[in-house]
Amino acid sequence: MRIEKLDQTSKENLLEDLLRRSPNSYGTYEASVREILGNVKEKKDQALFEYTERFDGAKITADNILVTEEEIREAYTLVDDQLLAVIRKSKQNIESYHQKQMQYSWFDSRPDGTILGQKVTALKRVGVYVPGGKAAYPSSVLMNIIPAKTAGVDEIIMVTPPGKDGRVTPTTLVAAKEAGADRIYKAGGAQAVAALAYGTESIPKVDKIVGPGNIYVALAKKAVYGHVSIDSIAGPSEILVLADETANPRYVAADLLSQAEHDEMASAILVTTSEKLAKEVSDWTDRFIKELSRGDIIQKSLDNYGHILIAGSMEEAIETANEIASEHLEIVTANPFEVMTKIRNAGAIFIGEYSSEPLGDYFAGPNHVLPTNGTAKFFSPLSVDDFLKKSSIISYSREALEKIHTDIEAFARAEHLTAHANSISVRFDGKD
């Protein structure tokens with residue numbers, strides 16, 4: 001991996017480099033996505049089936065688009081018992097974590113008849129997009145469905161691309177069943193996002209779409225926002241390790257590569273105060289790459305977006321981490337909890353040398369759907385909150401309103417909204 005001294009120029013170049021990975025930079029795909037969305041909106045199932053055959057090579061019809069209980073039962077026979085046990089343990093951890101995020105309605109009443117409050121309501125119907133093809137990600141199925149289920153969403157609709165045989169990957173089906181999906185449809189790509197956003201004869205319109213996907217899926221979600229809500233527009237995966245001379249270089253190298261193997265656009269960055277550690281980590285990455293199955297992808301990722309930055313102080317390293325606002329941030333220092341208190345921007349923070357990033361991907365419980373491309377400065381991980389909405393509750397008695405009605409009227413007239421003022425004053429003008 002390339003090793004650089006951290007200064008203002010190297011930091012600015014790095015930030016500019018990372019921003020080029022954003023889905024917002026892929027304008028050349030937008031026209032194709034708009035065409036797909038428009039066709040599905042107009043022709044519904046017909047367009048959905050045509051695109052599925054064109055892009056996935058599968059002949060899907062109204063008769064077989066919905067995954068049947070028989071197909072799910074068959075999937076259970078094809079999934080290794082040990083993996084099923086792991087999925088269930090992971091599910092339990094994810095449920096336990098997300099149950100602690102639940103919010104509930106509250107009301108505050110006063111003796112004068114004032115009642116103020118907040119009504120918390122789960123969304124009615126949510127669509128979960130799950131990638132398909134060669135890769136199967138049962139962990140993402142759990143992470144997207146379980147918070148919705150915990151929130152109390154009435155109906156969870158999952159879509160995922162079928163294989164050429166018209167079937168869905170068994171591990172995906174099993175994870176969906178375990179997590180609590182209500183219906184699973186064989187549809188993927190921008191066309192599946194369109195179906196969820198607009199509704200077709202087979203797939204009902206949802207209130208919100210969540211879940212990761214390729215650039216077409218990301219741009220489709222961006223385009224339908226407003227017709228429905230979305231979680232976020234996910235970019236390529238990324239990790240930043242913040243380390244000092246106490247870190248184990250072998251562990252750090254392994255953790256950097258765990259993200260670099262996602263794809264050639266993934267980013268892996270080490271910011272350290274130790275030149276010795278920097279060199280040792282670089283050496284270990286070279287050794288590991290030769291042994292790993294996705295070595296070619298990892299090498300291209302590191303060539304494109306891999307960096308080792310040597311900071312002059314831990315304060316400078318922390319400042320850089322906050323500016324990058326990485327999806328995953330590992331802190332491997334002598335006092336990691338102290339450093340953690342100074343971190344403002346990160347999707348998920350992993351503290352200590354035994355808290356490697358894959359722990360969060362699969363098992364610990366916090367959600368692994370995280371803000372990318374610097375959006376951790378203003379976005380949060382997927383949570384139960386994403387599947388809840390809040391309504392304000394206001395109830396005043398005559399006694400309570402009478403005490404303050406002239407204040408409201410004065411405020412309304414100051415804004416030249418006399419109908420607003422009249423709406424209050426009419427209740428006290430004695431003309432009833």
Side-chain angles (χ1 to χ4, degrees), residues 23-24 26-68 71 125-137 140-141 144-145 155-170 172-173 176 181-236 263 265:
N24 293 320
Y26 294 96
T28 54
Y29 297 89
E30 289 182 347
S32 298
V33 169
R34 282 197 301 270
E35 181 182 350
I36 293 170
L37 295 178
N39 283 337
V40 174
K41 185 177 182 180
E42 179 184 352
K43 299 178 182 176
K44 301 186 181 300
D45 269 358
Q46 179 188 340
L48 179 63
F49 299 153
E50 288 173 356
Y51 283 125
T52 301
E53 185 169 7
R54 183 194 306 181
F55 297 133
D56 299 310
K59 285 189 173 294
I60 298 298
T61 68
D63 294 328
N64 65 4
I65 189 171
L66 179 66
V67 172
T68 64
E71 288 175 289
R125 182 184 290 137
V126 167
V128 175
Y129 186 93
V130 174
K134 296 179 181 178
Y137 298 108
S140 286
V141 176
N144 281 277
I145 293 177
E155 190 174 17
I156 301 171
I157 305 295
M158 190 180 104
V159 295
T160 188
K164 291 183 179 180
D165 58 359
R167 302 170 73 83
V168 175
T169 307
T172 298
L173 289 184
D182 294 296
R183 284 188 269 173
I184 305 167
Y185 291 95
K186 302 168 186 175
Q191 61 271 21
V193 173
L196 291 172
Y198 306 126
T200 73
E201 294 89 347
S202 296
I203 299 179
K205 183 185 186 306
V206 301
D207 299 312
K208 185 167 188 171
I209 302 172
V210 302
N214 62 20
I215 187 63
Y216 290 96
V217 171
L219 290 176
K221 286 170 66 178
K222 178 182 176 183
V224 301
Y225 178 67
H227 293 279
V228 293
S229 180
I230 63 171
D231 51 352
S232 64
I233 303 169
D263 60 61
M265 300 286 284

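Checking side-chain atoms of Thr160 against main-chain N and O of Val130 turns up a donor-acceptor pair under 3.5 Å. Although no hydrogens or angles enter the test, the distance criterion places no donor-acceptor pair under 3.5 Å between the side chain of Asp182 and the main chain of Ile157. Listed for the Lys41 side chain is no donor-acceptor partner under 3.5 Å among the backbone atoms of Tyr198. Between the side chain of Lys205 and the main chain of Val228, no donor-acceptor pair closer than 3.5 Å is present. One N or O on the side chain of Asp207 and one on the backbone of Arg125 form a donor-acceptor pair closer than 3.5 Å.
Note: Lys44 NZ to Leu48 CG = 11.0 Å, rounded to the nearest 0.5 Å. Atoms CD and OG1, on Gln46 and Thr200 in that order, are 12.0 Å from each other to the nearest 0.5 Å. Distance check: Gln191 CD to Leu196 CG gives 11.0 Å after rounding to the nearest 0.5 Å. Considering CG of Asn64 and CD of Glu71, their distance stands at 8.0 Å, rounded to 0.5 Å. Atom CD of residue Glu30 and atom CG of residue Leu37 lie 11.0 Å apart, to the nearest 0.5 angstrom. The CZ atom of Arg54 sits 7.5 Å away from atom CD1 of Ile36, with the distance rounded to the nearest 0.5 Å.
Under a 4.0 Å N-O distance rule, the pair Lys221/Asp231 qualifies as a salt bridge. A salt bridge links Glu155 with Arg183: at least one charged nitrogen is closer than 4.0 Å to a carboxylate oxygen.
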Just do the side chain to side chain contact (heavy atoms under 4.5 Å, CB included) check on Asn39 and Glu50 with the steps written out, would you?
-> CA-CA 10 Å; Asn39 283 337; Glu50 288 173 356; over 6 Å; no
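The shortest distance between side-chain heavy atoms of Val217 and Pro212 does not fall below 4.5 Å. Looking only at side-chain heavy atoms (C-beta outward), Leu173 and Arg167 stay at 4.5 Å or farther from each other. Side-chain atoms of Val67 and Lys186, non-hydrogen and from C-beta on, do get closer than 4.5 Å to each other. Contact check for Val206 versus Val126: no side-chain heavy atoms found under the 4.5 Å cut-off. At a threshold of 4.5 Å between non-hydrogen side-chain atoms, the residues Phe49 and Ile65 count as touching.
For the pair Ala190 and Val33, the tightest heavy-atom approach, listed with the atom from each and the gap, is CB-CG1, 4.5 Å. The shortest non-hydrogen separation linking Ser202 to Asp45 is OG-OD2, 2.6 Å. Taking each heavy atom of Ala58 and Gly163 in turn, the nearest pair found is CB-O, 3.3 Å. Across all their heavy atoms, Ile230 and Tyr225 have their closest contact at CG1-CD1, 3.8 Å. Tyr129 approaches Gly213 most closely through the heavy-atom pair CE2-CA, 4.2 Å. The minimum heavy-atom distance between Asp56 and Pro161, with the atom names listed, is OD1-CB, 4.0 Å.
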